[in-house]
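These values consider heavy atoms only, across backbone and side chains, with no hydrogens, waters or symmetry-generated copies.
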Amino acid sequence: MKATKQAYPPTPQPNQNLRFDQNGEFKILQVADMHYANGKTTHCLNVLPSQNFSCSDLNTTIFLNRMIKAEKPNLIVFTGDNIFAFDSSDSAKSLDAAFAPAIASNIPWVAVLGNHDQEGTLSRSGVMNHIVGMKNTLSKFNPPEVHSIDGFGNYNLEVGGVEGTDFENKSVLNLYFLDSGDYSQVSTILGYDWIKPSQQLWFQRTSAELRKAYISKPVPQKHAAPGLAYFHIPLPEYASLDSSNMTGVKLEPAGNGISSPSVNSGFFTTLLAAGDVKAVFTGHDHLNDFCGNLMNIQLCYAGGFGYHAYGKAGWSRRARVVVASLEKTEKGSWGDVKSIKTWKRLDDQHLTGIDGEVLWSKSTGGNQG
């Protein structure tokens with residue numbers, strides 16, 4: 001456990017500098033709500049009667065291994081409720097088992113916290129501290145340049161252009177990770193937590209600094225590089241989407257089908273004002289897997305991944321894949337990001353791909369930063 005006390009892993013990590021591959025693509029696998037507990041002794045929830053006897057956390061592990069093998073992503077992002085700590089006998093062991101396929105793949109991976117990760121033998125800070133000490137992770141405890149910020153696991157990653165091109169030393173895709181908290185700490189406000197002003201200020205400053213670097217020499221650009229944001233609990237604005245303006249489903253039965261905080265802390269407005277984030281990716285509501293466009297920001301769910309998480313019998317567990325593709329320059333080299341596409345895969349016999357769509361393209365622009 002001593003190594004987990006450090007804010008950063010003690011040994012150099014492979015692929016510390018994320019960048020687009022020689023094919024001009026960068027692929028992200030999002031895994032939402034694994035709800036891992038004790039492995040083979042932990043039963044599955046909401047599966048078909050034929051699956052009941054043999055189903056356990058190991059089904060989650062098998063699904064993750066299959067997804068990694070099929071998609072070969074450049075980065076794996078775990079968006080919270082990685083473990084269901086209340087049912088875990090040892091949170092550290094559950095974390096190790098949950099992330100084991102990612103670690104074994106030698107693919108860089110990151111995680112943020114959900115509302116169930118801290119309900120066991122590790123506190124919220126303890127869980128994040130353990131994660132940042134694990135092999136091959138690019139997760140950070142918090143931004144090193146910020147002295148005071150709410151939550152644990154607020155950080156950003158830059159994805160460089162293709163090596164050997166004009167963009168090799170520029171971040172052409174920016175990834176933001178935030179801690180959306182667990183439950184309200186304000187006695188008069190019930191329900192889930194929210195993204196606080198200190199986190200929004202960090203995001204604003206980081207976004208502005210990245211924009212400044214991108215529009216500066218070498219190869220000055222007109223707009224900010226596109227960004228993607230990942231956290232666990234959906235924003236209240238997700239409730240404004242319906243079948244007329246979304247791809248995927250909203251099957252959650254409670255209220256309006258969105259389990260967001262009961263107060264709106266204004267993060268969507270902050271994202272709009274910053275202008276660079278083109279899509280937000282969350283989990284939390286396992287039976288929602290849609291993406292919908294609100295004011296040129298795509299609000300997306302991944303859909304439930306884990307077998308010890310609640311689901312719906314006969315409705316496959318699933319994962320979301322996002323691919324950013326670069327533009328070819330006049331000189332035939334790779335340039336900046338041309339488009340961002342997404343699809344999901346189901347945990348069925350063929351890992352069926354569904355709901356492929358373009359989330360953002362440079363040509364149609366939309367919310368240009």
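No continuous path of ILVMFWY side-chain contacts below 4.5 Å connects Phe78 to Phe84, so the two sit in separate hydrophobic clusters. The cluster map of Ile, Leu, Val, Met, Phe, Trp and Tyr, joined by side-chain heavy atoms under 4.5 Å apart, puts Phe268 and Val263 in different clusters. Linking Ile, Leu, Val, Met, Phe, Trp and Tyr residues whenever their side-chain heavy atoms come within less than 4.5 Å places Val146 and Leu210 in a single cluster.
You'll find the side chain of Leu18 stays beyond 4.5 Å of the side chain of Glu158, heavy atoms only. Counting heavy atoms from C-beta outward, Ile354 and Leu346 have side chains that approach closer than 4.5 Å. In this structure the side chain of Ser207 reaches within 4.5 angstrom of the side chain of Asp276, judged on heavy atoms. Side chains of Met34 and Asp81 form no contact here, defined as non-hydrogen atoms less than 4.5 Å apart. Considering only heavy atoms from C-beta on, Val127 stays 4.5 Å or farther from Phe152 through its side chain. Contact of the Leu271 side chain with the Val280 side chain is registered, since non-hydrogen atoms from C-beta on lie closer than 4.5 Å. Residues Thr41 and Ser56 fail the side-chain proximity criterion, which asks for heavy atoms closer than 4.5 Å. Using a 4.5 Å heavy-atom threshold, the side chains of Cys44 and Asn52 count as separate.
Note that CD1 of Ile258 is 8.0 Å distant from CD of Glu252, once rounded to the nearest 0.5 Å. Rounding to the nearest 0.5 Å gives a distance of 11.0 Å between CD of Gln200 and CG of Asn154. The distance from the CD atom of Gln118 to the CG atom of Leu113 is 7.5 Å, given to the nearest 0.5 Å. The distance from the CG atom of Leu29 to the CG atom of Leu64 is 7.0 Å, given to the nearest 0.5 Å. With rounding to the nearest 0.5 Å, the separation of OG1 in Thr42 from CG in Asn59 is 11.5 Å. The CZ atom of Phe305 sits 11.0 Å away from the CG atom of Asp33 when rounded to the nearest 0.5 Å.
Of all heavy-atom pairs spanning Glu25 and Val323, the tightest one is CD-CG1, 3.9 Å. Heavy-atom minimum distance, Tyr36 versus Ala98: CB-CB, 3.7 Å. Summarising the geometry of Cys300 relative to Leu359, their closest heavy-atom pair is SG-CD2, 4.1 Å, with the distance given to 0.1 Å. In this structure, Lys338 and Leu326 approach most closely via the heavy-atom pair CB-C, 3.9 Å. Closest heavy-atom contact between Pro226 and Val337: CG-CB, 3.8 Å. Between Asn142 and Gly151 the shortest heavy-atom distance is ND2-O, 2.9 Å.
At distances below 3.5 Å, not a single donor-acceptor pair connects side-chain atoms of Glu209 with backbone N or O atoms of Thr206. Counting only distance, with no hydrogens or angles, the side chain of Arg317 and the backbone of Gly304 share no donor-acceptor pair below 3.5 Å. Judged by distance alone, with hydrogens and angles left aside, the side-chain atoms of Ser339 form no donor-acceptor pair with the main-chain N or O of Ser361 at under 3.5 Å. Formation of a donor-acceptor pair under 3.5 Å by the Lys170 side chain with backbone atoms of Ser216 is found in this model. In terms of modelled atom types and a separation under 3.5 Å, the side chain of Trp334 and the main chain of Gln22 share a donor-acceptor contact. A donor-acceptor pair is defined here as one N or O able to donate and one able to accept, closer than 3.5 Å; such a pair exists between the side chain of Asp117 and the backbone of Asn82. A donor-acceptor contact shorter than 3.5 Å links the side chain of Thr342 to the backbone of Val321. Side-chain atoms of Asp90 come within 3.5 Å of backbone atoms of Lys93 as a donor-acceptor pair (strictly under, hydrogens ignored). No donor-acceptor distance shorter than 3.5 angstrom exists from the side chain of Lys331 to the backbone of Lys328, with no hydrogens or angles considered. Using a distance-only test at 3.5 Å, with no hydrogens or angles considered, no donor-acceptor pair links the side chain of Lys72 to the main chain of Met67.
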Pair Val322-Trp343, side-chain contact (heavy atoms from CB on, under 4.5 Å): steps then yes or no: CA-CA 7 Å; Val322 171; Trp343 59 88; over 6 Å; no

Side chain to side chain donor-acceptor pair (under 3.5 Å) between Asn106 and Asn136, intermediate numbers included: CA-CA 6 Å; Asn106 283 322; Asn136 297 337; 3.1 Å; yes

Ser184 vs Trp194, side-chain contact (heavy atoms from CB on, under 4.5 Å): CA-CA, chis, key distance, verdict: CA-CA 8 Å; Ser184 169; Trp194 53 89; 3.6 Å; yes

Audit row: Arg19, Glu168, salt bridge (Lys or Arg N to Asp or Glu O under 4.0 Å) steps and yes/no: CA-CA 8 Å; Arg19 64 170 63 252; Glu168 69 175 348; 5.1 Å; no

Pair Gln30-Thr79, side chain to side chain donor-acceptor pair (under 3.5 Å): steps then yes or no: CA-CA 7 Å; Gln30 181 191 357; Thr79 50; 3.1 Å; yes

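Between Tyr176 and Phe203, the ring-plane angle classifies as perpendicular under the 30° and 60° cut-offs. In this pair, His35 and His116 present their aromatic rings perpendicular. The plane angle is above 60°, beyond the 30 to 60° band. Ring geometry for His284 versus Tyr192: interplanar angle over 60°, hence perpendicular rather than tilted (30 to 60°).
Of the options Arg318, Lys344, Arg320, a salt bridge (Lys or Arg N to Asp or Glu O under 4.0 Å) to Asp355 is made by Lys344 and by none of the others. When Leu157, Ile131, Val112, Val77 are each tested for a side-chain contact (heavy atoms from CB on, under 4.5 Å) with Ser139, only one passes: Ile131. Results of the salt bridge (Lys or Arg N to Asp or Glu O under 4.0 Å) test with Arg124 over Asp150, Asp179, Asp193 single out Asp179 as the only residue that passes.
Ring pair His286/Tyr301: centre-to-centre distance not below 6.0 Å. The ring of Phe99 has its center closer than 6.0 angstrom to the ring center of Trp109.
Ion pairing of Lys27 with Asp21 is absent here, as no side-chain N (NZ or NE/NH1/NH2) approaches a carboxylate O to less than 4.0 Å. Ion pair Asp336/Lys362 flagged as a salt bridge, since at least one NZ, NE, NH1 or NH2 atom sits closer than 4.0 Å to an Asp/Glu carboxylate oxygen.
For Thr352 and Asp348, the side-chain atoms include at least one donor-acceptor pair closer than 3.5 Å. With no hydrogens or angles considered, no side-chain donor-acceptor pair links Ser333 and Thr165 at under 3.5 Å. A donor atom on one side chain and an acceptor atom on the other are found under 3.5 Å apart for Asp285 and Ser259. Between the side chains of Ser91 and Ser94, no donor N or O sits under 3.5 Å from an acceptor N or O. Between the side chains of Thr60 and Asp57, not a single donor N or O lies within less than 3.5 Å of an accepting N or O. Looking at Ser316 and Asp347, their side chains never bring a donor and an acceptor atom within 3.5 Å of each other. Trp202 and Ser198 share no side-chain donor-acceptor pair at under 3.5 Å.
Around atom CD of Glu163, no more than 12 heavy atoms belonging to other residues, nucleotides or ligands sit under 6.0 Å away. Applying the 6.0 Å contact sphere to CZ of Phe86 captures no more than 12 heavy atoms from other residues, nucleotides or ligands.
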